[in-house]
Amino acid sequence: MRTRIIAPLLLSFVIAPFVQGQTLASANAPRSVGCEVTQTASCFAFFADGNVRKAIDQKGSGTPASGSVGFALARYRSVFSGQINIADTPDTVTAGYGARLVAPGVGGALSAGLVSFRRLPSPDSTHGLGYHFYGSIASSRWATDLDPQGAVLKTTDVGVLGFGALGTWVLARGTVGDNPVFVALDGGLSYRQLFGDLATKANGSVKERLYDTSKEKFIGIETGLILQINSIKAGLNYYFFDGNARGLTDGQVVAGFSIQSNVFVGALKAR
C-alpha cells in the first residue's frame, strides 16, 4: 500500500511539482476583465459561475452541472476567492458515491462552498512558481436504498470536508491580443473527510455497501492542468487517495469546463 501511494506522489512532484487543486477555481478572475492591480491597488469582483465536471472513468458519477456565485479579491501577487453553490443536478446522489468526494466543494444547492488563496509569480513575469491553499465544505443527500426500478427508498445527508496544500507552475500568464490567458500545471496534497449521520460506526455497513469501505478520512495527491482564456476555464485533474473506496481511491481523473460572468468588478477603495 505504501508503494502504491508514494510512487504516484513522487511522480506528481516530478511531472507537475506545483498545484492548484480544484478543476474550476478562479485563476485570475478580476484581471481577466482588465481591472488594474498594482502594488497599492486591489481589485474586487463578484461573479456567477456555471460549470460541468465529471469523473472520466466513473459512469454516472461526478457533477453533471452546477452553478455558483462568488467573489475574488486580487492583490499585486495574490488572489483570494470564495464561492457558494446555488444549483446542482441531481439533488439526490444514487450512484458514484465515492466519486462524489473527489472534487472539492461539490454538494447540493446552498449546501456547498469553497475558499482559496493563491500566491502568483510577479505580475511582471509571464511565468513562474506560486502556491495555492483551499478549503471546502459540502453537504448532499445520498440514496442508501433503491427499489428494483431504481426509485429512492431511503436517504441520508452526507457532509464532506476538503483541504488542499498545493503548488503552481505557471506556464503562461498575460494577454494574446486583447484576450487574457492563464495556463498552469498543478500538483500537491489533498484531504477529504466525511461527517454527519453517515460518518458513524453504526453506519459502517452502509458505507461499505455504498463505496466498499467504512473509512471516513482520505489523504492523497492531486495534479492537473488549468487553462483560462477570458471568462472560459477548463481543467483536467488527477487525484490519488489512499484506502479502498470505490470511485474515490486508486486514481481518478476529473475533467471540467466553466464559464464565468462578472456581476460587477472594479478597484477596491476605502470609503
Could you tell me if the side chain of Tyr239 sits less than 4.5 Å from the side chain of Leu101, heavy atoms only?
no

Taking all non-hydrogen atoms of both residues into account, name the closest pair between Arg246 and Asp212 and its distance.
NE-OD2, 2.9 Å

Name the orientation class of the two ring planes belonging to Phe44 and Phe71 (parallel below 30°, tilted from 30 to 60°, perpendicular beyond 60°).
parallel

Side-chain contact, heavy-atom cut-off 4.5 Å: Leu194 with Tyr211?
yes

Does any non-hydrogen side-chain atom of Thr126 lie less than 4.5 Å from one of Arg173?
no

Around atom CZ of Arg141, are there more than 12 heavy atoms of other residues, nucleotides or ligands at under 6.0 Å?
no

Is the ring pair Phe117/Tyr131 parallel, tilted or perpendicular, if the boundaries are 30 and 60 degrees?
tilted

Within a strict 4.5 Å, meaning less than it, do heavy atoms of the Arg100 and Val158 side chains meet?
no

With side-chain contact (heavy atoms from CB on, under 4.5 Å) as the test, would you mind laying out the steps for Phe182 and Val170 before giving the verdict?
CA-CA 8 Å; Phe182 182 86; Val170 178; 4.2 Å; yes

Output the distance between atom CZ (Phe241) and atom NZ (Lys217), rounded to the nearest 0.5 Å.
15.0 Å

Could you check whether any side-chain heavy atom of Leu198 comes within less than 4.5 Å of a side-chain heavy atom of Lys207, counting everything from C-beta outward?
yes

So do Gln83 and Phe47 actually touch side chain to side chain, heavy atoms under 4.5 Å?
yes

Flag the pair Ile229 / Leu227 as yes when at least one side-chain heavy-atom distance between them is below 4.5 Å, and no otherwise.
no

Looking at every non-hydrogen atom in both residues, tell me the closest pair between Asn230 and Asp178 and how far apart they are.
OD1-O, 4.3 Å

What heavy-atom pair brings Pro121 and Gly128 nearest, and what distance separates the two atoms?
CG-C, 3.6 Å

Once side chain to side chain contact (heavy atoms under 4.5 Å, CB included) is applied, do any residues pair with Ser125, and if so which ones, sequence neighbours excluded?
His127

Are Ser42 and Arg75 close enough, and set up right, to give a side-chain hydrogen bond (donor to acceptor under 3.5 Å, both in side chains), and what steps lead you there?
CA-CA 5 Å; Ser42 301; Arg75 299 186 183 277; 3.1 Å; yes

Ser116 and Phe80: which non-hydrogen atoms are nearest, and at how many Å?
O-CD1, 3.3 Å

If you count every heavy atom of other residues, nucleotides or ligands that lies below 6.0 Å from Ile84 atom CD1, does the total exceed 12?
no

How far apart are the closest heavy atoms of Thr168 and Arg118, and which atoms are they?
OG1-NH1, 3.0 Å

Mind checking whether Arg192 and Pro104 have side chains closer than 4.5 Å, heavy atoms only?
yes

Provide the closest heavy-atom pair for Pro180 versus Thr175 in the form atom of the first, atom of the second, distance.
CA-CG2, 4.1 Å

